[in-house]
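Throughout, residue positions are numbered sequentially from 1 according to the sequence presented. Computed from a predicted structure; not experimentally measured. These values consider heavy atoms only, across backbone and side chains, with no hydrogens, waters or symmetry-generated copies.
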Amino acid sequence: MIIPMLVCRDAEAELNFCVQAFGAVELSRRTAESGCLIHATLMIHQSLLMVHNESPHLSSRAPSVDGSSPVVTYLYDENVDEIISRAVKLGAKVLMPAEDQFWGDRVGRIMDPAGHVWNIAARADKS
């Protein structure tokens with residue numbers, strides 16, 4: 001099993017975005033003594049995703065908010081346009097509008113408010 005972990009400047013904000021935009025379900029969380037979210041595990045459909053705050057003892061950093069992330073997370077869901085619309089209302093930026101592609105998927109690309117890049121896709125060609 002591979003579980004991506006999104007490193008964030010504000011893991012709580014990313015968790016809330018994923019819940020509201022993608023219908024993620026929070027499975028677990030770890031907080032600091034201050035109550036600040038450090039780490040959470042989410043489920044989107046049948047897939048796991050972790051969100052984690054930047055930490056001084058780890059060299060991983062949150063992405064720039066310019067859309068240049070080297071990692072793109074794919075979310076397959078039949079409601080491509082609805083999800084993208086919901087994400088935009090929550091502060092995401094459309095990097096590529098949803099369109100039917102030659103390989104048979106409908107795909108749109110967004111950057112969430114934290115700078116993580118997502119392709120939202122579904123099979124457009126049902127044959």
Side-chain angles (χ1 to χ4, degrees):
M1 178 184 303
I2 296 174
I3 304 171
M5 183 171 71
L6 303 181
V7 177
C8 309
R9 289 175 197 83
D10 183 347
E12 186 81 40
E14 185 70 9
L15 179 150
N16 291 332
F17 176 83
C18 289
V19 167
Q20 294 174 38
F22 307 140
V25 175
E26 182 180 330
L27 299 179
S28 67
R29 71 169 42 218
R30 188 172 70 240
T31 56
E33 289 181 19
S34 67
C36 174
L37 178 67
I38 296 172
H39 178 92
T41 303
L42 309 173
M43 181 171 279
I44 302 174
H45 301 305
Q46 299 300 314
S47 298
L48 296 176
L49 174 72
M50 296 177 182
V51 295
H52 192 87
N53 260 352
E54 287 184 332
S55 179
H57 70 283
L58 299 173
S59 59
S60 298
R61 295 289 172 249
S64 297
V65 290
D66 63 1
S68 65
S69 175
V71 176
V72 177
T73 303
Y74 260 77
L75 171 60
Y76 271 85
D77 189 292
E78 294 300 313
N79 303 304
V80 171
D81 297 279
E82 179 184 322
I83 289 172
I84 291 173
S85 176
R86 205 166 45 231
V88 167
K89 289 177 185 168
L90 294 166
K93 178 181 176 184
V94 174
L95 301 178
M96 181 182 80
E99 294 181 354
D100 293 346
Q101 302 296 327
F102 69 89
W103 62 85
D105 281 357
R106 179 166 185 76
V107 181
R109 180 173 284 195
I110 61 170
M111 179 183 62
D112 71 25
H116 300 283
V117 177
W118 298 79
N119 275 8
I120 313 301
R123 289 302 295 167
D125 175 11
K126 308 291 187 206
S127 58

So how far is it from [X] [atom1] to [Y] [atom2], rounded to the nearest 0.5 Å?
| X | Y | atom1 | atom2 | result |
| --- | --- | --- | --- | --- |
| H52 | S60 | NE2 | OG | 8.5 Å |
| I3 | L48 | CD1 | CG | 4.5 Å |
| C8 | H39 | SG | NE2 | 11.0 Å |
| N119 | Y76 | CG | OH | 8.5 Å |
| M96 | I84 | CE | CD1 | 8.0 Å |
| M111 | S64 | CE | OG | 9.5 Å |

Quiz item: Only one of L27, L75, L6 forms a side chain to side chain contact (heavy atoms under 4.5 Å, CB included) with L49, so which one is it?
Solution: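 Only one option passes, and that is L6.
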Quiz item: With sequence neighbours left out, what residues match R106 under salt bridge (Lys or Arg N to Asp or Glu O under 4.0 Å)?
Solution: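 Checked R106 against salt bridge (Lys or Arg N to Asp or Glu O under 4.0 Å); matches are D81, D100.
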Quiz item: What is the ring orientation for F22 with W118, classed by angle as parallel under 30°, tilted 30 to 60°, or perpendicular over 60°?
Solution: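 Rings of F22 and W118: tilted, 30 to 60°.
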Please check: side-chain N/O of [X] versus main-chain N/O of [Y], any donor-acceptor pairing under 3.5 Å?
| X | Y | answer |
| --- | --- | --- |
| E26 | A40 | no |
| R109 | V117 | no |
| N53 | A11 | yes |
| H116 | V7 | yes |
| D77 | V80 | no |

Connected via hydrophobic side-chain network under 4.5 Å: [X] and [Y]:
| X | Y | answer |
| --- | --- | --- |
| Y74 | I83 | no |
| I44 | L15 | yes |
| F17 | V19 | yes |
| M43 | M50 | yes |

Nearest heavy atoms of [X] and [Y], plus distance in Å:
| X | Y | answer |
| --- | --- | --- |
| S69 | G115 | CB-O, 4.0 Å |
| L95 | G67 | CD1-CA, 4.3 Å |
| I110 | A92 | CD1-CB, 4.2 Å |

Quiz item: Are a donor atom and an acceptor atom from the side chains of H57 and S55 found within less than 3.5 Å of each other?
Solution: yes
Quiz item: Does C36 reach the side chain of E12, with side-chain heavy atoms less than 4.5 Å apart?
Solution: no
Quiz item: Run the side chain to side chain contact (heavy atoms under 4.5 Å, CB included) check on R123 and D105 step by step: do they pass?
Solution: CA-CA 4 Å; R123 289 302 295 167; D105 281 357; 2.8 Å; yes
Practice problem: Report the C-alpha distance between D112 and E14 in whole Å, list the side-chain angles of each, state the deciding distance to 0.1 Å, and finish with yes or no for side chain to side chain contact (heavy atoms under 4.5 Å, CB included). | Solution: CA-CA 8 Å; D112 71 25; E14 185 70 9; 2.6 Å; yes
